[in-house]
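Heads up: the structure comes next, in structure tokens.
Small disclaimer: the values here were computed from a predicted structure and weren't measured.
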Amino acid sequence: MKFTATLISLAAATALLVVEAQHPAGTAIPLSLNPNIKRNFRATIAKLNARYPQLDLESHHTFRPPGSPTNSGARDRGTGTGKVPLVDVGPDSEYYGTVQVGTPGQPFRLDFDTGSSDIWFPTSDCTTSACKAHHRFNAKKSTTYKKDGRPWKIGYGDGSSASGILASDMVDVGGIKVRQTIGLATSESAQFAKSPEDGLFGLGFNTIESVKGVKTFLDNAIAAKAIAQPVVSVFLPSVRRNGGKGGNYLFGAIDKTRFTGALNYVPVTRKGYWQIAISNAKYNNKSLTQASEGIIDTGTTLIIVGAAAASAIHKSIPGAIDSSKDPNIGGWTVPCSLAKTSKDNIAFTMGGKDFLVPVADLAWSPLDSTGKQCYSGVQGGQEGLWILGDVFIKNNYCVFEQSASPRIGIAPLKY
């Protein structure tokens with residue numbers, strides 16, 4: 001997973017938002033690579049545990065399903081898009097982009113996350129070491145800031161926490177501006193200090209907002225007709241396939257040059273996370289007779305499936321080892337050589353079509369300095385609600401359409 005987790009409690013409901021909109025056009029957010037960060041499997045699993053605290057995830061993957069850079073860039077008025085650089089951390093472990101908040105805009109590095117719905121980051125009133133390690137919002141410097149003042153508190157499965165106040169201000173994503181309720185952290189626990197992001201930018205549905213009745217950024221942008229189409233299109237780059245460059249989030253439009261063939265639309269089965277039905281998993285077009293509900297989640301790094309599905313996938317991979325019960329490893333591993341030698345594919349069937357993930361991308365992170373065995377990009381134990389994270393998304397263009405009948409358009413990425 002990426003930054004942190006679903007925000008699990010805010011103390012009070014927020015007032016109805018007043019929306020101010022500009023630039024009714026698509027907004028593209030290109031991605032760039034941070035080569036200085038190394039992948040960390042245990043940190044990834046720990047953050048996944050933090051993201052879904054109700055799953056009670058442990059290092060040995062006893063998963064349970066849920067219950068229910070720094071320049072925003074200039075908007076290109078000629079093409080109707082705005083570009084905001086994002087950083088590929090890991091590489092391919094997490095992605096963050098800079099969002100401007102307030103007037104004049106103050107920059108914040110936020111994790112765009114379809115697995116949550118809140119927007120939050122620290123305020124200048126926060127003096128903990130974790131807050132000081134990040135950009136902090138100064139309300140006194142924003143002419144459009146509106147005080148709310150009601151308290152909120154965030155708690156995570158890994159024991160980390162943050163708390164603060166609610167407020168509202170203008171939030172600018174590459175030129176699309178709406179007035180938005182935001183959470184301002186006045187206290188953060190020490191665990192947040194190591195995060196490369198300042199906070200979280202949720203793209204899920206408002207049904208999983210921490211405060212009932214709060215509208216998401218996408219809700220407000222659609223209502224204000226600030227975007228041409230009710231979509232967020234996601235193209236995440238792959239270091240293996242294209243050097244980790246050139247990806248983007250595109251608000252309000254679809255970039256047809258980024259995928260091959262036509263988009264295949266899969267209906268959302270439950271609004272909260274972007275939940276869909278996965279009717280099968282395959283290896284080299286051979287059915288593994290595995291199926292589940294699932295979510296496509298930009299905020300999770302790996303693919304997390306059921307134990308049986310993970311076993312079926314890895315049984316077809318020579319050298320794959322199930323070390324999920326080994327406290328020193330805690331997951332499936334595969335030969336690192338797959339990244340350069342494998343031509344095989346796994347697939348997930350959705351909406352009657354197979355979407356591929358190269359087995360080469362399962363050689364995710366070296367287990368040790370020998371570089372012989374790698375943690376797999378597919379892990380098991382997530383029963384009933386599989387998570388298709390960035391290992392899937394960086395191979396498939398995904399269009400999250402928040403229409404009257406929400407759906408996700410998917411097509412193979414074109415590099």
Side-chain angles (χ1 to χ4, degrees), residues 1-8 31 44-55 57 61 63-68 86 88-90 92-97 110-119 156-157 197 200-209 216 218 231-236 247 249 266 268-278 281 292-306 309-310 348 350 355 357 361 364 377-402 406-410 413:
M1 120 141 210
K2 297 188 180 174
F3 172 56
T4 53
T6 306
L7 311 184
I8 62 172
L31 303 176
T44 296
I45 295 301
K47 287 183 178 181
L48 184 61
N49 182 48
R51 165 189 278 297
Y52 301 112
Q54 62 270 53
L55 300 185
L57 307 185
H61 303 314
F63 297 158
R64 298 173 190 151
S68 358
L86 285 151
D88 177 354
V89 181
D92 299 357
S93 293
E94 51 190 304
Y95 305 85
Y96 66 78
L110 302 182
D111 171 14
F112 287 84
D113 178 16
T114 59
S116 66
S117 299
D118 299 87
I119 299 175
Y156 300 102
E197 298 91 356
L200 199 69
F201 192 105
L203 292 170
F205 294 92
N206 60 37
T207 51
I208 57 171
E209 281 275 4
T216 66
L218 199 54
V231 300
V232 178
S233 302
V234 182
F235 167 33
L236 298 185
Y249 278 72
V266 183
V268 169
T269 58
R270 183 178 183 181
K271 292 195 296 183
Y273 308 117
W274 287 85
Q275 185 169 327
I276 40 77
I278 304 171
S292 177
E293 285 287 298
I295 63 175
I296 299 181
D297 183 5
T298 61
T300 294
T301 302
L302 306 179
I303 295 172
I304 315 293
V305 297
F348 298 95
M350 293 173 282
F355 297 99
V357 174
D361 281 339
W364 185 71
V378 173
Q379 296 293 331
Q382 176 54 36
E383 312 301 335
L385 191 69
W386 297 357
I387 304 172
L388 302 185
D390 296 343
V391 171
F392 175 85
I393 300 168
K394 69 183 181 181
N395 288 290
N396 295 279
Y397 192 79
C398 294
V399 178
F400 298 87
E401 180 183 301
Q402 190 174 307
R407 57 185 185 168
I408 305 175
I410 313 172
L413 264 177

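- Of all heavy-atom pairs spanning Val399 and Ser233, the tightest one is CG2-OG, 3.5 Å.
- Of all non-hydrogen atoms in Gln275 and Arg270, the two that sit nearest each other are CB-O, 3.5 Å.
- Remark: Thr216 OG1 to Ile208 CD1 distance equals 10.0 Å, nearest 0.5 Å.
- The only member of Ile387, Val357, Asp361 that meets side chain to side chain contact (heavy atoms under 4.5 Å, CB included) when paired with Ile303 is Val357.
- Considering only heavy atoms from C-beta on, Leu385 comes within 4.5 Å of Ile295 through its side chain.
- With rounding to the nearest 0.5 Å, the separation of CG in Asp111 from OH in Tyr96 is 11.5 Å.
- Side chains of Leu388 and Ile278 form a contact here, defined as non-hydrogen atoms less than 4.5 Å apart.
- The aromatic rings of Phe355 and Phe392 sit perpendicular to each other, their planes meeting at more than 60°, with 30° as the lower class boundary.
- Side-chain atoms of Thr301 do not come within 3.5 Å of backbone N or O of Asp390 as any donor-acceptor pair.
- The shortest side-chain heavy-atom distance between Met350 and Ile408 does not fall under the 4.5 Å cut-off.
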Check against side-chain contact (heavy atoms from CB on, under 4.5 Å), Trp274 and Gln402:
CA-CA 10 Å; Trp274 287 85; Gln402 190 174 307; 4.1 Å; yes
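- Taking CG of Asp113 as the reference point, atom OH of Tyr95 lies at 14.0 Å (rounded to 0.5 Å).
- You'll find the side chain of Tyr249 reaches within 4.5 Å of the side chain of Thr298, heavy atoms only.
- Counting only heavy atoms from C-beta outward, the side chains of Asp118 and Glu209 approach each other to under 4.5 Å.
- Listed here is the closest heavy atom pair of Ala310 and Gly380: CB-CA, 3.5 Å.
- The minimum heavy-atom distance linking Phe205 with Ser117 is given by the pair O-OG, 2.5 Å.
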Can Phe400 and Leu203 be said to form a side-chain contact (heavy atoms from CB on, under 4.5 Å), step by step?
CA-CA 9 Å; Phe400 298 87; Leu203 292 170; over 6 Å; no
Evaluate the criterion side-chain contact (heavy atoms from CB on, under 4.5 Å) for residue pair Ile410 and Ile296; output intermediate values, then yes/no.
CA-CA 10 Å; Ile410 313 172; Ile296 299 181; 3.8 Å; yes
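- Between Glu94 and Glu197 the shortest side-chain heavy-atom distance falls below 4.5 Å.
- Once rounded to the nearest 0.5 Å, the distance linking CG of Leu110 with CG of Leu200 reads 7.5 Å.
- Between Gln379 and Leu302, the closest heavy-atom pair is CG-CD1, 4.1 Å.
- The shortest side-chain heavy-atom distance between Val391 and Val378 does not fall under the 4.5 Å cut-off.
- Among residues two or more places apart in sequence or in another chain, the side chain to side chain contact (heavy atoms under 4.5 Å, CB included) test is passed with Ala281 by Leu288, Gln290, Phe348, Trp386.
- Residues forming a side chain to side chain donor-acceptor pair (under 3.5 Å) with Asn206 (at least two apart in sequence, or on another chain): Asp219.
- Listed for the Thr207 side chain is a donor-acceptor partner under 3.5 Å among the backbone atoms of Lys271.
- Proximity of a side-chain donor or acceptor of Ser116 to a complementary backbone N or O of Gly202 within less than 3.5 Å is not detected.
- Contact detail for Ala277 and Thr269: the closest heavy-atom pair is N-CG2, 4.0 Å.
- Remark: the backbone N or O of Gly115 is paired with a side-chain donor or acceptor of Asp297 at under 3.5 angstrom.
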